[in-house]
**Student:** 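Handing you this structure, nothing more for now.
In what follows, residues are counted from 1 in the order of the sequence shown. These values consider heavy atoms only, across backbone and side chains, with no hydrogens, waters or symmetry-generated copies. Quantities reported herein were computed from a predicted structural model and do not represent experimental measurements. Just follow the structure's listing: the first ligand is 1, and inside any ligand the first atom is 1.
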Amino acid sequence: MIVLGIESSCDETSAAVVRDDHLLSNIIASQEVHREFGGVVPELASRAHARHIVPIVKQALRQANVTINEIDGIAVTYGPGLVGSLLVGLNFAKALAFTHSIPFVGVNHIEGHIWANFIDVSEPQPPFIALIISGGHTQLVIVEAWGTYRTIGKTKDDAAGEAFDKVAKMMNLGYPGGPVIDRMAKNANSQFVRFPRAMMTDGNYDFSFSGLKTAVLYYLREHGPENHQADVVASFQAALSDVLIEKTIQAAKAHRLSSIVLAGGVACNSYIRNNFQVRATDEKLNVYLPKPILCTDNAAMIARAGLLKLNQGEVSGYDLAPKPSLRL
Ligand code: KG4
Ligand code: ZN
């Protein structure tokens, strides 16, 4: 089955084509317009999606070397995300499905992130545990079977990516903050400041990062924002990483699951990737990491998630509306 995926939930317009679990193309247009504002401006995001959506879909088809008539199904993100952004992709997908009589299916963006792990890869099989760490979400999910999810923990305040972005903003490092901090921290001292590791021993799988963010803010106020910048961001990254890794490992062990999959933009982070591997190996657990390009928002993951749904006979109606607060 050949599936066209469309993603426009936040600030990337993306279209991708998969043939079964093989990736044929994955085109992503990032919106540079938000950089000068230090975060996504919803109104500008919608307009950029409107400009990009048709050329991006055309390019994805061209690169996959397929025509629209060869597409068996269309998968599109319908939430969570910014309503104006979601509307652009969803309505375009519906129009394309309608005019070419192709079945289409709405995909939950968070579920899509998990499926980034199963593009050109077939391991692990459920049950396994998924840690979704993105700009908008931080969530621990047990994938009990394909398409069956049980959330066992999530953030009480900031998402992991949001914490990276806010710390970078405090230090004037630019947006998005994650990639900048990742790079700056590479040769720095991650033990320079001992920032708090919140809720590590609470016996649940929820997260909280606003205290860590505030601790960094107080540190900067006391010591000045220019001093030891790389060591400070490395120390912040280490604190956040420790909490993510230890909580996920505790959850995996408590639920007797030996496989952990990571997903979402923060799963690009090299420190988190390396340390997850090391700690999991200590605990005799397996960690699976999508390629970095599939961790951040993309349509390949939406196409892959949609493929499963379409294969299971799920099709959406033309009355499907965007759901900005959709949960998993
Ligand atoms: O999954 P994603 O592309 O979009 C959402 O669904 O939110 O995640 C974007 C987030 C941003 O907060 C960005 O700073 C973070 O992922 N991010 C990273 C890295 N690359 C992107 N965080 C840490 N290290 C990175 N290398
Ligand atoms: Zn995302």
**Student:** Using 2.8 Å as the threshold, say whether any N, O or S atom from His109 sits that close to the Zn ion (ligand 2).
**Tutor:**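 So His109 counts as coordinating the Zn ion (ligand 2), yes.
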
**Student:** Can a donor-acceptor pair be found, under 3.5 Å and without considering hydrogens, that links the side chain of Arg19 to the backbone of Ile2?
**Tutor:**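 No: the side chain of Arg19 does not pair with the backbone of Ile2.
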
**Student:** Ion pair present between Glu246 and Arg197, side-chain N to carboxylate O less than 4.0 angstrom?
**Tutor:**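 Here Glu246 does not pair with Arg197 in a salt bridge, since their nearest N and O are not under 4.0 Å apart.
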
**Student:** Under 4.0 Å from a heavy atom of Thr296: give me the atoms of ligand 1 that qualify, with their elements.
**Tutor:**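 Those qualifying, in numeric order: 3 (O).
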
**Student:** Among Asp231, Val233, Val232, exactly one meets side chain to side chain contact (heavy atoms under 4.5 Å, CB included) together with Met184. Which residue is that?
**Tutor:**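 With Met184 as partner, side chain to side chain contact (heavy atoms under 4.5 Å, CB included) holds for just one option, Val233.
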
**Student:** Any salt bridge linking Lys309 with Glu111? Criterion: basic side-chain nitrogen under 4.0 Å from a carboxylate oxygen.
**Tutor:**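 Salt bridge flag = yes for Glu111 with Lys309.
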
**Student:** Would you give the length of the straight line joining atom OG1 of Thr151 to atom NZ of Lys154, rounded to the nearest 0.5 angstrom?
**Tutor:**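 Separation between the atoms: 6.0 Å.
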
**Student:** With a 4.0 Å cut-off on heavy atoms, does Arg183 reach ligand 1?
**Tutor:**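 No, Arg183 has no heavy atom closer than 4.0 Å to ligand 1.
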
**Student:** Number the atoms of ligand 1 from 1 as they appear, then name those within less than 4.0 Å of a heavy atom of Gly161, with their elements.
**Tutor:**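 Under 4.0 Å from Gly161, ligand 1 has these atoms: 12 (O).
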
**Student:** Check each atom of ligand 1 against the heavy atoms of Gly136 and keep those under 4.0 Å away; list them by number with element.
**Tutor:**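 The atoms of ligand 1 under 4.0 Å from a heavy atom of Gly136 are 7 (O).
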
**Student:** Show the atoms of ligand 1 that are less than 4.0 angstrom away from any heavy atom in Gly178.
**Tutor:**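 Atoms satisfying the 4.0 Å criterion: 14 (O), 18 (C), 19 (C), 22 (N), 23 (C), 24 (N), 25 (C).
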
**Student:** Should one rank Gly135, Ser9, Ala168 by closest heavy-atom distance to atom 7 (O) of ligand 1, which comes out on top?
**Tutor:**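 Of the listed residues, Gly135 has the closest heavy atom.
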
**Student:** Mind checking whether Asn269 contacts ligand 1 via backbone (N, CA, C, O), side chain (CB onward), both or neither, at a 4.0 Å heavy-atom cut-off?
**Tutor:**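 Both parts.
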
**Student:** Compute the angle centred on the Zn ion (ligand 2) spanning OD1 of Asp297 and NE2 of His113, and express it rounded to 10 degrees.
**Tutor:**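 The angle at the Zn ion (ligand 2) comes to 100°, rounded to the nearest 10°.
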
**Student:** If you measure from each non-hydrogen atom of His137 to ligand 1, which part falls under 4.0 Å: side chain, backbone, both or neither?
**Tutor:**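 The answer is neither; His137 stays 4.0 Å or more away.
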
**Student:** Using modelled atom types only, decide if a donor and an acceptor are shared between the side chain of Ser316 and the backbone of Gly106 within a distance under 3.5 Å.
**Tutor:**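 Checked: pair present.
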
**Student:** Check His113 against ligand 1 and report side chain, backbone, both or neither, counting heavy atoms closer than 4.0 Å.
**Tutor:**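 The answer is the side chain of His113.
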
**Student:** Is Lys166 paired with Asp158 through a side-chain N to carboxylate O contact shorter than 4.0 Å?
**Tutor:**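 Answer for the salt bridge query: yes.
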
**Student:** Does Cys10 have a non-hydrogen atom less than 4.0 Å from ligand 1?
**Tutor:**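 Judged by the 4.0 Å heavy-atom criterion, Cys10 does not count as contacting ligand 1.
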
**Student:** Nearest non-hydrogen atom to atom 2 (P) of ligand 1 belongs to which of Asp297, Ile181, Val180, Asp158?
**Tutor:**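 It is Asp297 whose heavy atom sits nearest to atom 2 (P) of ligand 1.
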
**Student:** From atom 26 (N) of ligand 1, work out which of Ile133, Asp182, Thr138 has a heavy atom at the shortest distance.
**Tutor:**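 Among Ile133, Asp182, Thr138, the closest heavy atom to atom 26 (N) of ligand 1 belongs to Asp182.
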
**Student:** Any donor-acceptor pair under 3.5 Å linking the side chain of Asp20 with the backbone of His22?
**Tutor:**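 No; zero donor-acceptor contacts below 3.5 Å.
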
**Student:** Quick one: are the ring centres of Phe118 and Phe128 less than 6.0 Å apart?
**Tutor:**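 Ring-ring flag for Phe118/Phe128: true, centres closer than 6.0 Å.
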
**Student:** Do His34 and Tyr175 have their ring centres less than 6.0 Å from each other?
**Tutor:**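 No - the distance between ring centres of His34 and Tyr175 does not fall below the 6.0 Å cut-off.
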
**Student:** Under 4.0 Å from ligand 1, counting heavy atoms only, is it the side chain of Asp165, its backbone, both or neither?
**Tutor:**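 Asp165 to ligand 1: side-chain contact only, backbone stays beyond 4.0 Å.
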
**Student:** Distance under 4.0 Å to a non-hydrogen atom of Ser134: what atoms of ligand 1 satisfy this?
**Tutor:**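 By the 4.0 Å cutoff, the relevant atoms are 1 (O), 5 (C), 6 (O), 7 (O), 8 (O).
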
**Student:** Tell me whether His255 contacts the main-chain N or O of Ala251 through its side chain, where contact means a donor paired with an acceptor under 3.5 Å.
**Tutor:**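 Answer holds: yes.
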
**Student:** Compare Gly265, Cys295, Ala163 and give the one whose heavy atom is closest to atom 17 (N) of ligand 1.
**Tutor:**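 Residue with the shortest heavy-atom distance to the ligand atom: Gly265.
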
